[in-house]
Number of protein chains: 2
Amino acid sequence: MQLAVDVGENALTERQKDVLDAALALLVEAGDALTMTSVARRASCSKESLYKWFGDRDGLLTATVQWQASKVRAVPVNPEAFNLASLTAGLQRFASDWLHVLSGTISVALNRVAVGHAGSDKHDLGVIVLENGPFAMARRLKPLLQLGRDTGLLHFNETDEAFRTFFGLVVRDVQIRLLLGDRLELTDASIDRDSLRATQQFLALYGAQTEAAEGGH
Amino acid sequence: MQLAVDVGENALTERQKDVLDAALALLVEAGDALTMTSVARRASCSKESLYKWFGDRDGLLTATVQWQASKVRAVPVNPEAFNLASLTAGLQRFASDWLHVLSGTISVALNRVAVGHAGSDKHDLGVIVLENGPFAMARRLKPLLQLGRDTGLLHFNETDEAFRTFFGLVVRDVQIRLLLGDRLELTDASIDRDSLRATQQFLALYGAQTEAAEGGH
DNA sequence: GCCGTACCGTACCGTACGTTACGGCAGTGG
DNA sequence: CCACTGCCGTAACGTACGGTACGGTACGGC
């Protein structure tokens, strides 16, 4: 028995993690056209092992998505010396991180297969991606928003509404266009610019100061 | 020879339109698991005819997406007696229409298959949906935005930036959550509410009056 | 009446791929 | 040395489905 990662139920050996990384790479290259044979060949393992470890193709895909999700861990926000500057910086950093993840090839590939599978009977992948995508983003951001409200820097009634507005201002049409195959290059510079713009717009809508920076320029 | 619709290259007989409607229904039910045999059976036509008319499976899917796109025609905006009230009404009506289309089962199904196909070699469906989705929305909305700017009601430099902000405020996380299979019921009442909120937020960001309605409450 | 055209229904073919089975090999405990 | 286990590599099986072929029917033109 080798070392296993402590993901509760999902105890993965190092070998299995390597296999899942190979599956991830193939998912990026070939999308849902990924075959069990191709995974076995890429990972230099036998198909027998694939079926023993993951049950069937869906099990492999599910494990792959969960494995990727387990790699992206949230960086918590520290509420020390909280003021408008740190709130702004937090929002901006958050938007930047999110746009970077969103536009990455792995995120695009995983969202594509999850969206595809959500159409058939197997909703598992969709639920997992939903849980580790928008919902995880909400769970991470809401404490910051509530801290902003508690300190009087932000005004809103429903935290969820404020979050979803921020989501819209940050993501806009970027994700759907990427998923549909639009060539949309996001450079670090443009992501920085968009994060700043989204943050300023959000503060203009929900900030306590009406003299907040004009959004959109 | 039956009557043909005047779509330039794509001359479709009534029979073929019926077939495409059947394919559309199956696409909603089964998603990409749709088979040529199922389409033939549902439309009471022979597979031979399917291949004669549409070439192959991809051709059938492409024709189906285009057929749906041809059914959704834009309602132009009339720039008579243009003022803040009509601008607001136009934006709000636009947001409402868009949310209704977006949350419809057909739109969800088509976006799902297009996203799935964008991952493989066949980018056609993605391009078509992109063209008839976000891009068409932009083409329809931009004249209204520019009219607003010309009349001094709106302030922005890049029309595209203004459009994308409006897109984000309207769509938010709704589309990606629907595509991923989230049960998200949009009632007429909630759509009306969201359209109003998005419009007010947009005017708060880009409107000439700083005393515009506070967004988000 | 006869032919050509268009189409339906169905049977058929080829292949790709998920899944299973088997032979061989390395490492480990006794 | 020998059994056992875990795994690789590959071959084999079954099936679903894209694509094709063919017989049968209706209809319009001559």
Side-chain angles (χ1 to χ4, degrees), chain A residues 1-5 10-27 29-65 112-113 116-117 119-122 124-125, chain B residues 1-5 10-27 29-65 112-113 116-117 119-122 124-125:
Chain A
M1 179 66 71
Q2 306 182 26
L3 285 183
V5 71
N10 312 352
L12 294 177
T13 66
E14 294 302 320
R15 185 80 184 97
Q16 289 166 351
K17 291 191 217 170
D18 292 343
V19 170
L20 293 182
D21 278 328
L24 218 37
L26 281 172
L27 223 43
E29 295 174 18
D32 209 1
L34 164 149
T35 67
M36 300 297 280
T37 304
S38 70
V39 174
R41 197 159 38 218
R42 175 72 67 101
S44 294
C45 77
S46 69
K47 294 208 280 183
E48 187 182 21
S49 300
L50 290 185
Y51 284 98
K52 171 186 267 198
W53 291 334
F54 307 109
D56 57 4
R57 187 173 186 276
D58 268 315
L60 173 64
L61 288 180
T62 303
T64 303
V65 174
R112 281 199 180 130
V113 305
H117 279 233
S120 76
D121 301 333
K122 299 287 183 181
D124 301 344
L125 291 186
Chain B
M1 178 64 72
Q2 306 184 24
L3 285 182
V5 70
N10 312 350
L12 294 177
T13 66
E14 294 302 321
R15 183 80 184 95
Q16 290 166 352
K17 294 191 216 167
D18 291 342
V19 170
L20 293 182
D21 279 327
L24 218 38
L26 280 172
L27 223 43
E29 295 174 17
D32 209 2
L34 165 149
T35 67
M36 300 298 278
T37 304
S38 71
V39 174
R41 198 159 36 218
R42 175 72 67 100
S44 294
C45 77
S46 69
K47 292 209 301 183
E48 188 182 20
S49 300
L50 290 184
Y51 285 99
K52 171 187 264 198
W53 291 333
F54 307 109
D56 57 3
R57 186 174 186 274
D58 268 315
L60 173 64
L61 290 180
T62 303
T64 303
V65 174
R112 281 197 180 132
V113 303
H117 279 234
S120 75
D121 302 332
K122 298 288 184 182
D124 302 344
L125 291 185

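Letters A, B, ... are given to chains in the order of the sequence lines, protein chains preceding strands, and every chain is numbered from 1. Because only heavy atoms are used, hydrogens play no part in the values below, and waters and symmetry mates are left out as well, while side chains stay in.
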J.: Atom CZ of Arg15(B) to atom P of dC27(D): distance rounded to whole Å?
T.: 15 Å
J.: How many whole angstroms separate atom NZ of Lys52(A) from atom C1' of dC22(C)?
T.: 14 Å
J.: Salt bridge check: are Asp21(A) and Arg42(A) linked by an N-O gap of less than 4.0 Å?
T.: no
J.: Just the rounded figure in Å: distance from P of dA6(C) to CD of Gln16(B).
T.: 12 Å
J.: Using atom names, set out every protein N or O paired with an N or O of nucleotides 17-21 of chain D below 3.5 Å, distance rounded to 0.1 Å.
T.:
| from | atom 1 | to | atom 2 | distance (Å) |
| --- | --- | --- | --- | --- |
| dG18(D) | OP1 | Arg57(B) | NE | 3.0 |
| dG18(D) | OP2 | Met36(B) | N | 3.0 |
| dG19(D) | OP2 | Arg57(B) | N | 3.0 |
| dG19(D) | N7 | Lys47(B) | NZ | 3.1 |
| dG19(D) | O6 | Lys47(B) | NZ | 2.6 |

J.: Looking only at side-chain N and O atoms, does Trp53(B) come under 4.0 Å of OP1 or OP2 in dC7(C)?
T.: yes
J.: In whole Å, what is the span from the CZ atom of Arg42(B) to the P atom of dG9(C)?
T.: 15 Å
J.: Could you state the interatomic distance from CZ (Arg15(A)) to OG (Ser44(A)), rounded to the nearest 0.5 Å?
T.: 7.0 Å
J.: Mind checking side chain to side chain donor-acceptor pair (under 3.5 Å) for Asp18(B) and listing every partner two or more places apart, or none if nothing turns up?
T.: none
J.: Can you measure from CE (Met36(A)) to OH (Tyr51(A)) and round to the nearest 0.5 angstrom?
T.: 4.0 Å
J.: Quick one: are Leu61(A) and Leu34(A) in side-chain contact, heavy atoms under 4.5 Å?
T.: yes
J.: As an exercise, state the distance from NE2 of His117(B) to OG1 of Thr62(B), rounded to the nearest 0.5 Å.
T.: 8.5 Å
